[in-house]
Participant: 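Dropping the structure in here first, questions after.
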Amino acid sequence: FKEIEKHTEIGYRILSSVSEYSDIALIVLHHHENINGTGYPGNLKGTDIPLESRIIKIVDAYDAMISERPYKEKMKINEAVEELVKNSGEQFDGKIVNLFINQVLSA
């Protein structure tokens, strides 16, 4: 798992070395931070996590849940939504989860 966690830092280094992508490097670096401060790599909390990273975290998690993977079956959409809501305030920014559900998924 520690090796998998390194992907945020590797992505950051790659993106920050290319001038066209350097402005999104920090977003990638922090897209696995949890709103309650238990994520990685920096254990950032709340609004210390860039807004774009908080958005990507939700979209990435939702996509992972509704997609079939070699190691798991995909969830139904309503199950994935329930999981986002259940983890709001701990893993995910609750305000963004609400916007995602009400503005993106219901569109």
Side-chain angles (χ1 to χ4, degrees):
F1 190 72
K2 289 292 180 194
E3 286 300 311
I4 292 171
E5 285 183 351
K6 291 180 183 178
H7 83 277
T8 59
E9 294 171 4
I10 293 167
Y12 170 79
R13 284 194 305 270
I14 292 168
L15 292 169
S16 54
S17 70
V18 179
S19 61
E20 301 99 67
Y21 300 113
S22 62
D23 57 335
I24 63 170
L26 278 175
I27 298 166
V28 170
L29 178 65
H30 296 299
H31 79 280
H32 280 294
E33 302 286 359
N34 291 333
I35 200 74
N36 68 1
T38 62
Y40 64 90
N43 298 106
L44 300 182
K45 184 176 185 177
T47 56
D48 289 340
I49 305 166
L51 174 62
E52 297 90 343
S53 300
R54 289 181 273 147
I55 294 168
I56 289 172
K57 179 169 186 73
I58 293 165
V59 174
D60 182 46
Y62 177 78
D63 180 65
M65 288 187 271
I66 65 165
S67 300
E68 189 143 348
R69 303 290 167 101
Y71 51 87
K72 70 162 195 72
E73 291 187 24
K74 66 182 178 179
M75 287 182 168
K76 295 177 181 167
I77 289 175
N78 66 314
E79 294 170 328
V81 168
E82 288 173 18
E83 196 69 19
L84 291 174
V85 171
K86 181 177 99 178
N87 290 291
S88 289
E90 292 182 25
Q91 188 176 0
F92 307 113
D93 182 317
K95 290 179 183 177
I96 299 172
V97 167
N98 287 334
L99 284 170
F100 180 71
I101 293 168
N102 295 317
Q103 301 294 318
V104 177
L105 295 182
S106 64

Participant: Any side-chain heavy atom of H31 within less than 4.5 Å of one from T8?
Facilitator: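 Side-chain contact under 4.5 Å: yes.
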Participant: Judged by atom type as modelled, is there a donor-acceptor pair below 3.5 Å linking the side chain of E68 to the main-chain atoms of E73?
Facilitator: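 No: the side chain of E68 does not pair with the backbone of E73.
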Participant: Is there a salt bridge (charged side-chain N to carboxylate O under 4.0 Å, His left out) between E9 and K6 once you walk through the steps?
Facilitator: CA-CA 5 Å; E9 294 171 4; K6 291 180 183 178; over 6 Å; no
Participant: Can you tell me how far CD of E52 sits from CD1 of I96, rounded to the nearest 0.5 angstrom?
Facilitator: 9.5 Å
Participant: Determine whether L105 and F92 fall in the same hydrophobic cluster, where Ile, Leu, Val, Met, Phe, Trp and Tyr are linked whenever their side-chain heavy atoms lie under 4.5 Å apart.
Facilitator: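 Same hydrophobic cluster.
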Participant: Below 4.5 Å, heavy atoms only, C-beta onward: do D93 and K57 meet side chain to side chain?
Facilitator: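 The answer is no, as the side chains (C-beta and beyond) never meet within the 4.5 Å cut-off.
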Participant: Could you see if I55 belongs to whatever hydrophobic cluster contains V97? Use Ile, Leu, Val, Met, Phe, Trp, Tyr and a side-chain cutoff under 4.5 Å.
Facilitator: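 In one cluster: yes.
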Participant: So how far is it from I24 CD1 to S16 OG, rounded to the nearest 0.5 Å?
Facilitator: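 Here the interatomic distance stands at 10.5 Å.
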Participant: Return yes if some donor-acceptor pair links the side-chain N/O of S17 with the main-chain N/O of I14 below 3.5 Å, else return no.
Facilitator: yes
Participant: When you group the ILVMFWY residues by side-chain heavy-atom contacts below 4.5 Å and let the links chain together, are L51 and Y62 in the same group?
Facilitator: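 Result: yes, single cluster for both.
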Participant: Please confirm whether the backbone N or O of I56 pairs with a side-chain atom of D60, one donor and one acceptor, at under 3.5 Å?
Facilitator: no
Participant: Has the side chain of N36 got a donor or acceptor atom that lies under 3.5 Å from a matching backbone atom of T38?
Facilitator: yes
Participant: Got a second to check how far N98's CG is from L84's CG, nearest 0.5 Å?
Facilitator: 10.5 Å
Participant: If hydrophobic clusters are built from ILVMFWY residues whose side chains come within less than 4.5 Å, do I58 and V85 share one?
Facilitator: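 Yes, one cluster joins them.
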Participant: Do I101 and M75 sit in the same hydrophobic cluster, where Ile, Leu, Val, Met, Phe, Trp and Tyr count as joined when their side-chain heavy atoms come under 4.5 Å apart?
Facilitator: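 I101 and M75: one cluster.
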Participant: Working to the nearest 0.5 angstrom, can you tell me the gap between N43 CG and H30 NE2?
Facilitator: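 Answer rounded to 0.5 Å: 11.0 Å.
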Participant: Do E33 and D48 have side-chain heavy atoms sitting under 4.5 Å apart?
Facilitator: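 E33 vs D48: side chains apart.
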Participant: Nearest 0.5 Å, please: how far is CD in E79 from NZ in K86?
Facilitator: 11.0 Å
Participant: Any sub-3.5 Å donor-acceptor pair from R54's side-chain atoms to I35's backbone N or O?
Facilitator: no
Participant: Ignoring hydrogens and geometry, is there a side-chain-to-backbone donor-acceptor pair from S53 to I27 under 3.5 Å?
Facilitator: yes
Participant: Using modelled atom types only, decide if a donor and an acceptor are shared between the side chain of K45 and the backbone of G39 within a distance under 3.5 Å.
Facilitator: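 Flag not set: sc K45 to bb G39 has no pair under 3.5 Å.
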